[in-house]
Amino acid sequence: MSTLITNLGSLVTNTGTPLTDAAVVIDGDRIAWVGAAAAAPEADDRFDAGGRAMIPGFVDSHAHLVFAGDRTAEFNARMSGQSYTAGGIRTTVAATRAATDAELEANLTRFVGEALRQGTTTIECKSGYGLTTADEARALRIAAQHTPETTYLGAHVVAPEFKDDPAGYVELVTGGMLDACAPYARWVDVFCEQGAFDGDQARAILTAGAKRGLIPRVHANQLHHGPGVQLAVELGAASADHCTHLTDADVDALANGDTVATLLPGAEFSTRAKYPDARRLLDAGVTVALSTDCNPGSSFTSSMAFCIAVAVREMGMTPDEAVYAATAGGARALRRTDVGLVGEGARADLLLLDAPSAVHLAYRPGVPLTAAVWHGGVRKV
């Protein structure tokens, strides 16, 4: 069954200059044709976009969606003047361990659906709120039922049982826990930060994961300057995520490597922290992605549109750059060539905006602009 989507006032393809008065043909789960509406071929079905703008579906390459519990009190305390530290993760760990599989599944399903309704058609999902072998494995098993982009994050923080033996926990994360989790994961991640894991520990964890066929990505330089970005580039990580506290050497390393700098403005918004300088990275030639970092502690948002608006307002990005980072940039961070663009042969993951151009995502912050969403060629919204 093929569908012609026509009368597109603006079409962002990420393969060249945006098109006007454009059309797209979907055939099955793929895009079969893109071009001027007047030249569009016939199709089995027809959808009139009414002059609205279309972009690729959002690619959210950093999210923590397998969890239970609530951290409203922590957020309220931060908004009342307390600072953010990595220690709050342990609150979610306790709630997640106590939850049933069905409860975790229901929570994950709700957040994936929430994101899809806002135009996110590809989403990465990490473990990291179990911190036992059984809990980390079940988190990834559940996540793998909803996305192929699953990340083993046993190295989120040191598990409470190992608070006096961090070396023992690293041994578990690189040993038995990794063995149990690797079959359900594509990626391995580590929170390289004060209060979590230092550079040597992060190297050991990422190297062990790579030996099991998992591709590295790194939580790097979020709260303080540290070795995370340099380590990510050295090990060929797909992405270094956060990238808030960077030296010139860090920026140069990213510019001269293949590691994507994934920026997560929801975290800075929710913790009242310094925003990363996207302009500095872009001007240096670094590939930048935008993602939500959706999690219950430091960035409880699933809205990529919100992240675009904040990135434009606070991080020096133009609206076009931010939209690219939230689509093609995220695809690069996941090493995907079939999403994040509108081109022949790509997955038919499309977001129709209730607006005449994609600039409205930043121009009208907080306004729901989703008119329709196609996921794998099927209209979901």
Closest heavy-atom pair, Leu290 versus Pro265, reported as atoms and distance to 0.1 Å, is CD2-CD, 4.0 Å

Report the relative orientation of the aromatic rings in His219 and His64; use parallel for angles under 30°, tilted for 30 to 60°, perpendicular for over 60°.
perpendicular

In this structure, SG of Cys294 is separated from CD1 of Ile123 (nearest 0.5 Å) by 7.0 Å

task = Would you check if the side chain of Arg110 reaches a backbone N or O of Asn107 as a donor-acceptor pair within less than 3.5 Å?
result = no

| query | Thr92 and Arg71: side-chain donor and acceptor closer than 3.5 Å? | reply | yes

- Under 30°, 30 to 60°, or over 60°: which ring-plane class applies to Phe47 and Trp374, parallel, tilted or perpendicular? perpendicular

### Query
Is the side chain of Ser10 donor-acceptor paired with the backbone N or O of Ser357 at a distance under 3.5 Å, no angle test?
no

Here the gap from Cys192 atom SG to Gln230 atom CD, rounded to the nearest 0.5 Å, amounts to 11.0 Å

If you draw a 6.0 Å radius around CZ in Arg364, do more than 12 non-hydrogen atoms from other residues or ligands fall strictly inside? no

Of all heavy-atom pairs linking Leu352 and Ala53, the shortest is CD1-O, 3.4 Å

Between Lys274 and Glu268 (salt bridge meaning N to carboxylate O under 4.0 Å), is one present in this structure?
no

The single option from Val218, Leu264, Leu223 that satisfies side chain to side chain contact (heavy atoms under 4.5 Å, CB included) with His242 is Leu264

Are Val93 and Phe300 connected into the same hydrophobic cluster when the rule is that any two of I, L, V, M, F, W, Y join if their side-chain heavy atoms are below 4.5 Å apart?
yes

Tested for side chain to side chain contact (heavy atoms under 4.5 Å, CB included) against Thr259, the lone hit among Leu231, Leu235, Thr287, Val233 is Val233

query = Looking only at atom types and distance, does a side-chain atom of Asn221 sit under 3.5 Å from a main-chain N or O of Thr244, one as donor and one as acceptor?
reply = no

Problem set entry | Sidechain-backbone polar pair: Asp60 side chain, Thr292 backbone, donor-acceptor under 3.5 Å | yes

Practice task
List the steps and the verdict of side chain to side chain donor-acceptor pair (under 3.5 Å) for Gln222 and His245.
Solution key: CA-CA 6 Å; Gln222 177 186 3; His245 298 274; over 6 Å; no

Relative to each other, are the rings of Phe162 and Tyr169 parallel, tilted or perpendicular (30° and 60° limits)?
tilted

Before accepting this row, confirm whether a basic side-chain N of the pair Arg203/Asp200 lies closer than 4.0 Å to the acidic partner's carboxylate O.
no

Closest heavy-atom pair, Ala144 versus Tyr184, reported as atoms and distance to 0.1 Å, is CB-O, 4.1 Å

Between Ser291 and Asp241, a side-chain donor and acceptor under 3.5 Å | no

Closest heavy-atom pair, Met79 versus Ser270, reported as atoms and distance to 0.1 Å, is CE-O, 3.4 Å

Q. Is Arg30 paired with Glu344 through a side-chain N to carboxylate O contact shorter than 4.0 Å?
A. no

Check: Taking it one step at a time, do Thr100 and Glu103 satisfy side chain to side chain contact (heavy atoms under 4.5 Å, CB included)?
Finding: CA-CA 5 Å; Thr100 66; Glu103 288 168 336; 3.2 Å; yes

Query raised in the report: Short question: side chain of Thr370, backbone of Ala372 - any donor-acceptor pair under 3.5 Å?
Result: no

> Taking 4.0 angstrom as the limit, do Arg279 and Glu321 come out as a salt bridge?
Replying inline: yes

(request) Is it possible for you to say whether Leu353 and Tyr363 belong to one hydrophobic cluster, with membership spreading through side-chain heavy-atom contacts below 4.5 Å? (result) no

Check: Taking atom types as modelled and ignoring hydrogens, do the side chains of His225 and Asp250 form a donor-acceptor contact shorter than 3.5 angstrom?
Finding: yes

Shortest non-hydrogen pair, Leu263 vs Val288, comes out as CD1-CG1, 3.7 Å

Check: Is the Tyr275-Phe269 ring centre distance short of 6.0 angstrom?
Finding: no

Cluster overlap Phe111 with Leu116, hydrophobic side-chain contacts below 4.5 Å | no

Taking every heavy atom of Leu140 against every heavy atom of Ser127, the minimum-distance pair comes out as CG-CB, 3.8 Å

Do the ring planes of Tyr129 and His156 sit parallel (below 30°), tilted (30 to 60°) or perpendicular (above 60°)?
tilted

Residue pair Leu334 / Val59, side-chain heavy-atom distance below 4.5 Å:
yes

dist Phe67:CZ -> Thr91:OG1 (nearest 0.5 Å) comes out at 13.0 Å

Query - Asn295 (side chain) donor-acceptor with Asp293 (main chain) under 3.5 angstrom - result: yes

(message) Hydrophobic clusters here meaning ILVMFWY residues chained together by side-chain heavy-atom distances under 4.5 Å, can you tell me if Ile89 and Leu104 are in one?
(response) yes

Any donor-acceptor pair under 3.5 Å linking the side chain of Thr327 with the backbone of Tyr324? yes

Are Lys126 and Glu124 ion-paired here, with the side-chain N under 4.0 Å from a carboxylate O?
yes

task = Flag the pair Asp338 and Arg336 as a salt bridge only when some basic side-chain nitrogen lies within less than 4.0 angstrom of an acidic carboxylate oxygen.
result = yes

Q. Is a side-chain N or O of Thr147 found less than 3.5 angstrom from the main chain of Glu149, in a donor-acceptor match?
A. yes

Residue pair Thr72 / Asp70, side-chain donor-acceptor N/O under 3.5 Å: yes

Indicate yes or no for a side-chain donor-acceptor contact from Arg97 to the backbone of Gly130 under 3.5 Å, with no hydrogens or angles considered.
yes

In this structure, OG1 of Thr174 is separated from CZ of Arg212 (nearest 0.5 Å) by 11.5 Å

*Do Leu8 and Val323 share a hydrophobic cluster (ILVMFWY, side-chain heavy atoms under 4.5 Å, transitive)?*
no

Distance col, row Glu105:CD vs Arg138:CZ, nearest 0.5 angstrom, shows 11.5 Å

Check: Asp44/Ser2 side-chain N/O donor and acceptor closer than 3.5 Å: yes

Cationic N near anionic O, under 4.0 Å, Arg335 to Asp258:
no

Indicate yes or no for a side-chain donor-acceptor contact from Asp135 to the backbone of Leu131 under 3.5 Å, with no hydrogens or angles considered. no

- Item | Residue pair Arg186 / Thr150, side-chain donor-acceptor N/O under 3.5 Å | no

